[in-house]
**Student:** 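Here it is, the structure, as structure tokens.
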Number of protein chains: 2
Amino acid sequence: MKPKVSAKDVARHVGVSVATVSNVINNVNKKVSEETRQRVLKAIEELHYQPDFTARSLAKGKSNLLGVLLPITQAGDDESLLLKDNPFYAELLSGIEFEAGQRGYDVIITGIRPEQSLKDWVRKRNMDGVIFLGITPEPFLNELKALHIPVVLMDSHPKQGDCHSIGHDDFLAGKLACQYLMARGHQVIGFLSGGIQTSPVNLKRYEGYQEALKEAGLTSRPNLVLEDSVSFEGGYRMGLRIAQEYEKSRKGESVTALFCAADIVAFGAIKALREKRIKVPEEISVVGFDNLKTCDYLIPGLTTVDQGIYHKGVLAAGILVDDIEGKLEACRHIQLPVRIVERDSVCPPREK
Amino acid sequence: MKPKVSAKDVARHVGVSVATVSNVINNVNKKVSEETRQRVLKAIEELHYQPDFTARSLAKGKSNLLGVLLPITQAGDDESLLLKDNPFYAELLSGIEFEAGQRGYDVIITGIRPEQSLKDWVRKRNMDGVIFLGITPEPFLNELKALHIPVVLMDSHPKQGDCHSIGHDDFLAGKLACQYLMARGHQVIGFLSGGIQTSPVNLKRYEGYQEALKEAGLTSRPNLVLEDSVSFEGGYRMGLRIAQEYEKSRKGESVTALFCAADIVAFGAIKALREKRIKVPEEISVVGFDNLKTCDYLIPGLTTVDQGIYHKGVLAAGILVDDIEGKLEACRHIQLPVRIVERDSVCPPREK
DNA sequence: ATAGTCAAGTTAACCGGTTAACTTCTTTGG
DNA sequence: CCAAAGAAGTTAACCGGTTAACTTGACTAT
């Protein structure tokens with residue numbers, strides 16, 4: 001077992017006190033002469049000294065640790081990360097990890113599990129800040145606020161007073177997607193999402209969709225506005241219901257397009273439609289939301305609303321670190337731009 | 001700012017020393033009377049005391065931190081986690097996180113970046129153990145071995161002397177997949193993978209594939225054995241090459257099936273084939289490897305070799321923690337069973 | 001009655017850094 | 001020429017726990 005080299009060893013080697021070594025490391029300029037600095041740096045190099053973050057963390061009250069809180073799915077007793085089901089979180093997490101690394105922070109992850117106290121989780125390791133992915137249940141959020149550490153909310157409650165938030169103008173995005181479909185001749189458009197009332201993000205997209213229809217003098221049909229879980233399975237179930245509606249509707253009245261508030265929902269819906277022998281996009285066009293890498297895999301490729309997920313993760317970590325390091329005065333509420341990415345899941349409607 | 005309650009506060013509140021509080025927390029039975037124990041526990045409850053892991057970590061030399069080392073992709077200067085491109089890693093990570101959490105450990109992630117010293121990364125936080133995902137470059141591995149902490153290798157060099165490893169019998173798995181295709185009448189079968197020589201896992205699958213052919217009295221065709229990156233794009237490129245081969249071959253001689261050593265490669269390949277108007281599975285059947293959730297999304301659903309990714313992650317974390325806690329005498333080398341999951345990407349060959 | 005055990009704590013050193021306060025020596029200003 | 005200021009370090013307390021060694025009193029065995 002190689003003995004770990006500590007600041008004490010470096011100090012002894014150079015013939016100075018540990019305080020001086022510490023000062024060199026932390027760039028306290030006014031405390032150490034250039035010559036001594038060089039000698040210490042040389043010794044650090046030679047001995048392969050690496051400061052211990054645990055000790056530093058204890059002394060400074062700063063851990064250089066970013067907590068990433070991931071939503072979970074319950075499958076029986078096991079509560080596993082949604083990360084495994086929705087590539088969305090993987091892309092986001094990758095962006096966060098990248099930026100955190102660049103700025104000298106490490107990323108520690110956990111699922112948001114009902115039985116677990118997030119406050120305790122964060123506190124026991126003195127985390128410097130946390131990022132919430134996905135919908136953040138109020139109780140968890142409040143628990144964290146009591147800690148008074150920087151928090152970034154992603155696609156959650158926009159404009160939580162004392163947290164940063166990153167998202168998009170979901171109203172506009174929903175409107176955009178709907179208008180995109182209408183511009184191609186669609187008039188009967190369904191809306192598929194997770195809970196509309198439980199997720200502000202979905203609500204906004206829904207309202208945007210409604211607004212677009214209204215401006216075009218159209219109205220949405222209640223039985224084409226569906227809610228289920230934000231998952232492949234949820235999308236599949238909603239797709240089956242849309243297929244039923246499609247089958248029983250008369251010519252010229254049937255649904256010809258779907259706007260899904262998440263790509264993964266669109267994947268499931270498309271699967272269901274195809275199984276019911278409804279052609280996508282010839283019979284029903286589909287627009288998703290997220291622009292996951294996976295959109296390319298499908299046939300047809302999924303036309304969707306891009307939200308630059310990876311970049312969003314980078315941004316989130318950046319803001320969090322900025323705040324931690326005191327570079328931010330006020331809370332930031334960022335609305336990222338979105339854009340439609342055209343693939344092959346949309347075409348003009350044809351007569352039934 | 002709420003003042004953090006420490007063991008000292010608890011001690012004062014109960015009227016004992018901090019040592020006693022510590023003994024209660026750590027269940028040092030022989031040191032504290034049942035009555036005192038109860039009083040301390042009560043105080044802990046009342047004051048909402050939460051031991052500080054940073055301090056504990058420093059004192060014990062044990063951090064309860066598991067490092068997960070993720071492979072990266074280089075795109076220009078940015079080296080982002082492969083996690084964002086291949087759902088495989090997300091499933092694995094989810095499994096790891098779950099089991100780690102159950103056993104009282106936290107998970108900290110990083111990419112394996114050439115310029116970064118993994119040894120330093122692990123050492124500076126006193127991590128208790130690490131899990132390597134994907135191919136592990138030797139230099140990185142050796143660097144870590146010098147630390148003498150438990151290491152689990154996933155799908156990497158099988159049987160690295162002093163590390164645990166988890167994988168499958170890839171030879172058998174490759175053979176199985178190939179036999180599955182042959183049992184359905186295929187005789188000309190391609191093999192698509194990442195580097196065969198650079199990845200022992202791919203090599204084994206390749207050898208299994210060869211063996212199966214040989215046993216059936218068939219031989220593989222060199223121009224149907226392709227290598228590229230393990231990615232959607234790599235699969236796409238290989239798919240295009242297969243399409244070319246298909247077009248120029250004569251009836252009865254053309255490739256009728258592909259065995260892809262990773263699902264994500266299969267996704268890309270199918271996309272390419274479809275774009276070239278080659279029907280899957282009618283003209284070319286495809287078998288993948290991994291059984292990602294995403295296999296369900298595609299149309300046709302991908303028939304593949306299941307390796308229970310999530311469970312593999314759970315197992316990895318379990319072994320790592322077992323070792324950390326001294327419950328393991330020797331290195332474990334686990335070969336998980338695999339099985340074919342049938343979906344819709346395979347059918348008997350038809351005359352061209 | 002007396003040494004030896006044991007239960008139940010306490011004390012204090014320690015983990016590896018950070019940092020406020022102090023020292024010592026040199027320089028500068030009036 | 002002497003006080004004040006500044007440069008370059010050092011000392012020691014501290015962060016919040018853990019743990020080996022020690023204490024104290026009660027109980028047991030001889």
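Letters A, B, ... are given to chains in the order of the sequence lines, protein chains preceding strands, and every chain is numbered from 1.
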**Student:** Produce the list of close N/O pairs, under 3.5 Å, pairing protein atoms with atoms of nucleotides 12-17 of chain D; give distances to one decimal.
**Tutor:**
residue : atom : partner : partner atom : Å
D/dC15  : O2   : A/Ala59 : N            : 3.4
D/dG16  : N2   : B/Ala55 : O            : 3.4
D/dG17  : OP1  : B/Tyr49 : OH           : 3.2
D/dG17  : OP2  : B/Ala7  : N            : 2.8
D/dG17  : O5'  : B/Tyr49 : OH           : 2.8

**Student:** Rounded to the nearest 0.5 Å, what's the gap from CD1 on B/Ile109 to CD on B/Glu97? Could you check?
**Tutor:**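 Those atoms lie 11.0 Å apart.
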**Student:** What integer distance in Å separates B/Arg39:CZ from C/dA8:P?
**Tutor:** 13 Å
**Student:** Can you list the residues that meet the side-chain hydrogen bond (donor to acceptor under 3.5 Å, both in side chains) rule with A/Ser57, with sequence neighbours excluded?
**Tutor:**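 Testing A/Ser57 for side-chain hydrogen bond (donor to acceptor under 3.5 Å, both in side chains), a comparison that skips the adjacent residues, returns none.
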**Student:** Keeping to residues at least two apart or across chains, list the salt bridge (Lys or Arg N to Asp or Glu O under 4.0 Å) pairs with something in residues 82-91 of chain B.
**Tutor:** A/Lys293-B/Asp85
**Student:** Without decimals, in angstroms, what is the distance between A/Arg37 CZ and D/dA8 P?
**Tutor:**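 The answer, rounded to whole Å, is 10 Å.
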**Student:** At 4.0 Å (heavy atoms only), tell me whether A/Val21 reaches a base, stays on the sugar-phosphate, or touches nothing.
**Tutor:**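 Nothing: the residue A/Val21, judged by heavy atoms under 4.0 Å, touches no strand.
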**Student:** Are the charged groups of A/Lys145 and A/Asp162 less than 4.0 angstrom apart, N to O?
**Tutor:** yes
**Student:** Please determine, by modelled atom types, if A/Ser117 and A/Glu143 share a side-chain donor-acceptor pair under 3.5 angstrom.
**Tutor:** yes
**Student:** Is any NZ, NE, NH1 or NH2 atom of the basic residue among A/Asp106 and B/Arg125 found under 4.0 Å from an Asp or Glu carboxylate oxygen of the other?
**Tutor:**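 Here A/Asp106 pairs with B/Arg125 in a salt bridge, since their nearest N and O are under 4.0 Å apart.
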**Student:** When you measure from the side chain of A/Arg332 to the backbone of A/His164, do you find a donor-acceptor pair of N or O atoms at a distance under 3.5 Å?
**Tutor:** no
**Student:** What is the bend of the helix from C/dA1-D/dT30 to C/dG30-D/dC1 when you compare the axis at one end with the axis at the other, using five pairs each and rounding to 10°?
**Tutor:** 50°
**Student:** Regarding B/Lys4 and A/Asn126, is there a side-chain donor-to-acceptor distance under 3.5 Å anywhere?
**Tutor:**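 The answer is yes; a qualifying pair exists.
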**Student:** Just how far, in rounded Å, is P of D/dA7 from CG of A/Asn23?
**Tutor:**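 So the two atoms are 14 Å apart, to the nearest Å.
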**Student:** Across the strands shown, which category fits B/Thr36 at heavy-atom distances under 4.0 angstrom: base, sugar-phosphate, nothing?
**Tutor:** sugar-phosphate
**Student:** Compare every heavy atom of A/Tyr105 with every heavy atom of A/Leu65, then report the nearest pair and how far apart it is.
**Tutor:** N-CD2, 4.1 Å
**Student:** Just the atom pairs and distances: protein N or O near nucleotides 21-23 of chain D's N or O, under 3.5 Å.
**Tutor:**
residue : atom : partner : partner atom : Å
D/dA21  : N6   : B/Lys31 : NZ           : 3.4

**Student:** If only atom types and distance count, is the side chain of B/Asp128 paired as donor or acceptor with the main-chain N or O of B/Lys62 below 3.5 Å?
**Tutor:**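 It does not hold such a pair.
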**Student:** Does C/dA7 have OP1 or OP2 under 4.0 Å away from a side-chain N or O of B/Ser33?
**Tutor:**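 The answer is no; no side-chain N or O of B/Ser33 sits under 4.0 Å from OP1 or OP2.
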**Student:** For residues 309-319 of chain B, which side-chain N or O atoms pair as donor and acceptor with protein atoms under 3.5 Å away, sequence neighbours left out?
**Tutor:**
residue  : atom : partner  : partner atom : Å
B/Lys312 : NZ   : B/Asp155 : OD1          : 2.8
B/Lys312 : NZ   : B/Asp155 : OD2          : 2.6
B/Lys312 : NZ   : B/His168 : NE2          : 3.2
B/Lys312 : NZ   : B/Gln307 : OE1          : 2.5

